[in-house]
2 protein chains.
Amino acid sequence: MRSYREYCSVAKALDVVGDRWSLLIVRELALRGACRYSDLQEGLPGVSTNLLADRLRELERADVVARREPRPPVATPVFELTEHGRELEPILRGLMRWGIRYMVDGPAPDDRFRGRWLTWPAETFLADHEPDAGPGRIELDAGDERIAVDVEDGRISVAEPDATDADARVEGTPHMLLGLLTGHVGIDDAIAAGVSLDGSRSLLERVLPAPRSAARSA
Amino acid sequence: MRSYREYCSVAKALDVVGDRWSLLIVRELALRGACRYSDLQEGLPGVSTNLLADRLRELERADVVARREPRPPVATPVFELTEHGRELEPILRGLMRWGIRYMVDGPAPDDRFRGRWLTWPAETFLADHEPDAGPGRIELDAGDERIAVDVEDGRISVAEPDATDADARVEGTPHMLLGLLTGHVGIDDAIAAGVSLDGSRSLLERVLPAPRSAARSA
DNA sequence: CCGCATCCGGGGCGATACTG
DNA sequence: CAGTATCGCCCCGGATGCGG
């Protein structure tokens, strides 16, 4: 991008990450950790391949992204955030929270979705309201890929689902799952709208936020 | 801007404020409060008039900016942030802090500057290290416009300079003033580099951060 | 197959001129 | 003062090619 040519720190930051796709590339690297070029493509539906290569180069030059060439057995380079790049995460989480209002009405007809994008909403909006109730795991399944929400000692963390079987499994559309996480949809309304809940309902109730104005129960 | 068409809250936020100049317009409105079209032009050197008009329209549609038409005696419309728009301020402050690293080497030859852009750095990096020492005011003058830093009861706030005369006045290049605020330049080095300090040096020392690695004293 | 580089078409962007 | 109008240009997007 052309520089704003302003001696202002906000403008300088945007000179570096204000380009189209740049912050979404950082989002993907922050959510995935180190990953390959094709992983980034999968997590950034809509990006064109030349743009992705261009941005990665620019971000590498600006010390936001580092490219590692693995040892000979593995041939494909791996991209990851530098420490400086990782410092963008709170800003991205801020944008996530700010943008929630544009999500509550559901996706546009041709919006793409990846389950991983629920990670920050889960960590932001969920809370353990019964810290003494012991650990538990909730699996969220929005169709394409699942995430695991771990609840323990008053803390919420998100992991990739592994062999560990969850105490509760919630399956539904991205719109409904996000509505549950943000409190815009209550459990009963979600189930009425097609969400399926297997396992411990009480574990889910333990972490969900209090319903917001738009969420009425039947 | 074209939508990213991703059902992700970060992407949706960038659909709204990811356009070129959009976040800088929000910066200017956050720093100034309600102001006129020409005020925005003055605070956004480099923006073209059609872009500014376009962005203001888009931001108004997205409920980030509100346009008020004053009563007949005053004929010119006034722009201000909505409540939703004001919620971008912590994000902009985060970008400011993140971008500081691109400022420490000084401005590019053709960078523009406005004194108001020192407001957030002052509020971020200064601190009252002697909360019981009584109130004081420091005026920062980078040539084009001044800002007043008020120190009182352990708190730092920035105001526009008025008739109140300051206890200390610091005058110098934007680069040197920012270096002082961030701790990259010590007082003595700043003075040696051409910064002029009138009034209470101790008041300045009371609020400046501890020098960072790059700041050596002579 | 993965990781890009190249090649256009279209539109966002930048600079200037102009008008109520 | 507050924009609108116009016109290039270059960035972006989509498709394709191609070497390792």
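Ion pairing between B:Glu123 and B:Arg93 holds under the 4.0 Å rule for side-chain N and carboxylate O.
The CZ atom of B:Arg112 sits 13 Å away from the C1' atom of C:dG14 (whole-angstrom rounding). Between A:Ile25 atom CD1 and D:dC12 atom P there is a gap of 11 Å when expressed in whole angstrom units. Note: OH (A:Tyr4) to C1' (C:dC13) measures 11 Å, nearest angstrom. Between the C1' atom of C:dG3 and the CZ atom of A:Arg68 lies a distance of 17 Å, rounded to the nearest Å. Residue B:Asp39 contributes atom CG, which lies 12 Å from atom C1' of D:dA2 at whole-angstrom precision. Between B:Asp110 atom CG and C:dA15 atom P there is a gap of 11 Å when expressed in whole angstrom units. For the pair A:Tyr37 OH and D:dG20 P, the computed distance is 18 Å after rounding to whole Å. Rounding to whole angstrom units, CZ of residue B:Arg55 and C1' of C:dC13 are separated by 8 Å.
Close to D:dC1, at under 4.0 Å from its OP1 or OP2, lies no side-chain N or O of B:Thr76. Here A:Arg5 does not reach the OP1 or OP2 of C:dG14: none of its side-chain N or O atoms lies under 4.0 Å away. OP1 or OP2 of C:dA15 lies within a sub-4.0 Å distance of a side-chain N or O belonging to A:Arg2. Checking the phosphate oxygens (OP1, OP2) of C:dG12, no side-chain nitrogen or oxygen of B:Trp21 falls inside 4.0 Å. Close to C:dG11, at under 4.0 Å from its OP1 or OP2, lies no side-chain N or O of B:Arg20.
For A:Pro77, the side-chain atoms get nearest to C:dG3 when compared with the rest of C:dG12, C:dG3, D:dG3. When distances are taken from the side chain of B:Leu51 to each of D:dG13, C:dC2, C:dG14, the shortest belongs to C:dG14. When the nucleotides D:dA2, C:dA5, C:dG3 are ranked by their closest atom to the side chain of B:Arg36, D:dA2 comes out on top.
Checked by atom type, the side-chain pair B:Thr182/B:His184 shows a donor-acceptor distance below 3.5 Å.
Along DNA chain D, the nucleotide nearest B:Asn50 and the nucleotide nearest B:Gln41 are compared for position; the residue whose nucleotide lies closer to the 5' end is B:Gln41. Summary of the strand contacts: B:Asp19 and A:Arg57 both lie near DNA chain C, and taking for each the nucleotide with the nearest heavy atom, the more 5' one is attributed to A:Arg57.
A:Glu42 CD: more than 12 foreign heavy atoms inside a 6.0 Å radius.
Within the nucleic acid shown, A:Thr49 comes within 4.0 Å of at least one base atom, counting heavy atoms only. Here B:Ser48 lies in heavy-atom contact (under 4.0 Å) with a base.
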Going through the checks in order, is the side-chain contact (heavy atoms from CB on, under 4.5 Å) test met by B:Val64 and A:Trp98? CA-CA 11 Å; B:Val64 175; A:Trp98 190 82; 3.8 Å; yes

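The backbone N or O of B:Gly199 lies less than 3.5 Å from no partner atom in the side chain of B:Asp167, so there is not a single donor-acceptor pair.
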